[in-house]
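Data first, discussion second: the structure below is written as structure tokens.
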Amino acid sequence: MNKKDFNSIRNEFNHQIKSFDSSERSNQNIFSICFEIENDLNKTLNRISSKHQPIVFSSSNFSAFSIVKEHSFSFYNEYDYKSQKDELLKSISNTCFINDKKNNKTFIFGGFNFDLSESNTDIWNDVPIANFILPRYTFINSKLIVNIFLDDGITIEKIKSLFLKYIDDLELILFARKNKDIKSELLDVSNLTSHDSHHKKITNLLDIFKTGNSDLIKVVFSRIKKVSFSDNLPLLDIYKNLLNKNDNSMNFLYPVSSKINIIGSTPELILSKLNHNIESESIAGSNYSKNNDFTSDEKEVIEQKIVTDYIIDFLNENSDNIAYNKKPKIKKSSDIEHLYTSFSADLVNDKNILDLLGEIHPTPAIGGYPKDKAFDMIRKYKENRGWYGGPIGWIDNNLDGRFYLNIRSGLGINENLYLFSGSGITEKSNADNEWDETEEKFKLMLESL
């Protein structure tokens with residue numbers, strides 16, 4: 001974008017607003033307008049800083065970039081989320097478009113806990129169990145979407161003055177001289193989960209498997225590293241490195257607040273809904289040594305089949321015309337290969353994306369199987385996952401959306417970055433190998449610092 005683009009944007013807005021009628025808009029909170037622009041993610045990233053609270057989701061075939069929080073929807077316990085999420089969906093679905101003949105789409109971005117029933121404590125203490133953001137500015141598919149959130153006093157004068165102010169503000173953001181970022185040095189990387197404690201809980205679980213007295217088939221255990229910098233985290237630099245290293249995965253940066261961010265590079269789609277088509281993925285098993293025939297490794301094949309069968313059961317409950325590859329393929333994320341099955345089906349009910357997510361999450365890929373018993377085992381060890389392993393993605397005003405598993409990721413708080421990694425434990429697991437696997441899964445984030 002350049003200065004001439006902003007002159008065109010103002011002229012177009014003034015033309016569109018003339019025919020806009022605000023007299024019957026009392027039941028709407030979100031107002032949106034769209035402009036055609038030239039969009040270059042890298043150039044835009046270079047023009048902004050972390051203070052603009054960027055939201056970025058980008059891969060080799062998709063890019064959505066937003067800045068400035070217009071409104072947030074936050075939930076601090078499971079009851080609030082389940083009782084109020086429909087209001088969130090109503091708000092976004094009732095978006096009023098100033099130029100609906102040109103564009104009638106806008107987005108909210110967000111995610112939630114791995115375990116919604118658990119309150120966030122310790123490093124997650126200031127993070128809601130679920131949070132969604134309506135950005136003020138979103139760049140997607142050569143479009144600029146500008147949003148306003150109003151909860152009272154809707155008048156054409158207020159709408160016009162706010163939109164013009166927001167357009168002026170965006171020009172200042174993109175063309176103001178960027179202050180030189182303070183160079184923040186990497187000081188330390190430490191394990192917050194010790195080798196001994198991680199080894200012990202895996203061997204305890206393996207003993208349970210050996211007794212044959214439990215219905216447990218798989219449990220995913222996780223661990224945490226802490227990375228410390230001398231100053232605020234260089235989040236945008238880390239994000240650019242992730243994108244350069246792993247653009248075949250979905251790379252994401254999400255600001256919970258001005259001081260708290262979630263960043264990562266996930267290979268795994270949990271659920272996508274577009275009209276009545278839904279998609280999902282079964283990803284499990286990890287091959288990082290490249291020395292064995294991964295597709296015939298019994299332990300890895302069984303682990304992936306548990307996830308595949310679980311997703312098929314979910315799809316049978318909610319859809320028909322289910323299509324998927326019967327033999328798992330290989331999906332590579334960074335330097336790790338995974339067994340992969342892709343699903344597509346036609347939804348046969350009117351469930352919204354959040355209700356469907358509530359049913360499918362967590363799959364055995366991130367929790368275990370059976371779900372309830374695996375949850376109990378994870379809770380026993382108080383792993384403090386917060387958003388790690390939960391869904392993260394977006395919803396549009398048609399209540400379609402796309403959510404990924406929040407893995408290969410970290411929680412950034414001021415100058416510290418907490419990294420998370422997990423692996424699936426079955427009766428054929430080896431405790432030492434599982435530690436090595438989590439070390440390999442940390443590498444992408446560590447090498448992007």
Side-chain angles (χ1 to χ4, degrees), residues 9 13 16-35 52-55 57 64-77 79-112 128-140 143-170 254-258 273 350 352-355 357 392-403:
I9 285 171
F13 171 77
Q16 294 288 343
I17 200 70
K18 288 178 181 178
S19 57
F20 176 70
D21 182 4
S22 64
S23 60
E24 298 180 1
R25 305 295 184 182
S26 59
N27 66 332
Q28 293 169 305
N29 300 118
I30 300 172
F31 295 80
S32 184
I33 191 166
C34 175
F35 306 98
H52 299 116
Q53 299 187 48
I55 302 171
F57 285 84
F65 171 74
S66 301
I67 51 174
V68 185
K69 185 185 301 183
E70 177 65 12
H71 187 76
S72 64
F73 305 84
S74 297
F75 308 92
Y76 290 90
N77 59 63
Y79 174 80
D80 285 350
Y81 171 72
K82 290 186 174 179
S83 63
Q84 298 174 31
K85 63 180 172 60
D86 288 344
E87 285 299 311
L88 176 156
L89 295 174
K90 180 180 178 182
S91 186
I92 186 67
S93 66
N94 281 344
T95 298
C96 176
F97 295 95
I98 304 298
N99 53 349
D100 57 354
K101 292 180 181 179
K102 184 171 185 178
N103 182 69
N104 57 356
K105 183 150 301 181
T106 195
F107 303 84
I108 56 174
F109 300 87
F112 50 87
I129 67 160
N131 178 253
F132 292 86
I133 293 173
L134 172 75
R136 184 168 296 174
Y137 312 104
T138 295
F139 299 84
I140 185 169
K143 295 180 185 295
L144 164 63
I145 300 168
V146 185
N147 296 311
I148 290 175
F149 185 91
L150 294 172
D151 52 13
D152 63 350
I154 298 169
T155 66
I156 188 66
E157 291 79 13
K158 180 182 285 188
I159 292 170
K160 182 176 180 179
S161 64
L162 270 177
F163 269 123
L164 287 173
K165 179 182 183 304
Y166 286 1
I167 292 167
D168 290 345
D169 289 348
L170 179 60
Y254 183 81
V256 178
S257 69
S258 61
K273 177 181 177 293
D350 294 324
N352 62 61
I353 183 73
L354 292 183
D355 286 338
L357 273 174
I392 191 164
W394 61 88
I395 305 168
D396 68 27
N397 56 289
N398 295 320
L399 301 190
D400 294 328
R402 197 167 181 90
F403 283 83

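Model, not experiment: these values are computed from the prediction. Counting from 1, the numbers follow the sequence of the chain as shown.
K69 and R136 get closest at one heavy-atom pair: O-NH2, 4.4 Å. Annotation for T138 and F109: closest pair OG1-CE1, 4.2 Å, computed over non-hydrogen atoms. The shortest heavy-atom contact between Q16 and I33 is CB-CD1, 4.4 Å. Between F163 and I98, the shortest heavy-atom contact is CE1-CG1, 3.8 Å. For I55 against P255, the heavy-atom pair with the smallest separation is CG1-CD, 3.3 Å. Minimum interatomic distance between S91 and F73 (heavy atoms only, all atoms of both residues): OG-CZ, 4.1 Å.
In this structure a side-chain-to-backbone donor-acceptor pair under 3.5 Å is present from N397 to N104.
Take D86 and apply the salt bridge (charged side-chain N to carboxylate O under 4.0 Å, His left out) test, not counting sequence neighbours, and it matches no residue. Every residue meeting the side-chain hydrogen bond (donor to acceptor under 3.5 Å, both in side chains) condition with K85, not counting sequence neighbours, appears here in chain and number order: D355. Under the rule for a side chain to side chain contact (heavy atoms under 4.5 Å, CB included), the partners of T155 that lie at least two apart in sequence or sit in another chain are E157, K158. A search for ring pair (Phe, Tyr, Trp, His ring centres under 6.0 Å) contacts involving F149 returns H71, not counting sequence neighbours. Annotation: side chain to side chain contact (heavy atoms under 4.5 Å, CB included) contacts of N398 (sequence neighbours excluded): K105, D396, D400. With sequence neighbours excluded, the residues forming a side chain to side chain contact (heavy atoms under 4.5 Å, CB included) with K82 are E78, listed by chain and number. Residues passing the ring pair (Phe, Tyr, Trp, His ring centres under 6.0 Å) test with Y254 are W387, sequence neighbours excluded. Partners of L399 by side chain to side chain contact (heavy atoms under 4.5 Å, CB included), not counting sequence neighbours, listed by chain and number: L89, I92, S93, I395. F132 pairs by the ring pair (Phe, Tyr, Trp, His ring centres under 6.0 Å) definition with nothing, not counting sequence neighbours. For K90, there are no salt bridge (charged side-chain N to carboxylate O under 4.0 Å, His left out) partners two or more places apart in sequence or in a different chain. Partners of Y166 under the ring pair (Phe, Tyr, Trp, His ring centres under 6.0 Å) rule, at least two apart in sequence or in another chain, do not exist in this structure. Remark: N94 pairs with no residue by the side-chain hydrogen bond (donor to acceptor under 3.5 Å, both in side chains) rule, at least two apart or across chains.
F31 places none of its side-chain heavy atoms less than 4.5 Å from the side chain of N147. Taking 4.5 Å as the limit, some side-chain heavy atom of L150 sits within range of a side-chain heavy atom of L162. Here the side chains of V146 and F35 are in contact, with some heavy-atom distance below 4.5 Å. Side chains of N99 and F20 form no contact here, defined as non-hydrogen atoms less than 4.5 Å apart. Side-chain contact between V256 and P128 is present, with heavy atoms from C-beta onward closer than 4.5 Å. Here the side chains of F65 and I140 are not in contact, with every heavy-atom distance at 4.5 Å or above.
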**Request:** Report the C-alpha distance between Y81 and L354 in whole Å, list the side-chain angles of each, state the deciding distance to 0.1 Å, and finish with yes or no for side chain to side chain contact (heavy atoms under 4.5 Å, CB included).
**Result:** CA-CA 10 Å; Y81 171 72; L354 292 183; 3.7 Å; yes
**Prompt:** Checking side chain to side chain contact (heavy atoms under 4.5 Å, CB included) for the pair V68/L170: CA distance, chi angles, key distance, verdict?
**Reply:** CA-CA 9 Å; V68 185; L170 179 60; over 6 Å; no
**Message:** Using the rule given for side chain to side chain contact (heavy atoms under 4.5 Å, CB included), can you reason through T106 versus F97, listing the C-alpha separation, both sets of side-chain angles and the distance that settles it, and then say yes or no?
**Reply:** CA-CA 9 Å; T106 195; F97 295 95; 4.3 Å; yes
**Asked** Going through the checks in order, is the side chain to side chain contact (heavy atoms under 4.5 Å, CB included) test met by I148 and E70?
**Response** CA-CA 7 Å; I148 290 175; E70 177 65 12; 4.2 Å; yes
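Atom OG in S83 sits 8.0 Å away from atom CG in N77 (nearest 0.5 Å). Considering NZ of K160 and CG of L164, their distance stands at 6.5 Å, rounded to 0.5 Å. Expressed to the nearest 0.5 Å, how far CD of E87 lies from CG of N29 amounts to 9.5 Å.
Ring orientation note: the planes of F403 and F112 are tilted relative to one another, at an angle of 30° to 60°.
When only modelled atom types and interatomic distance are considered, N131 and S74 share a side-chain donor-acceptor pair under 3.5 Å.
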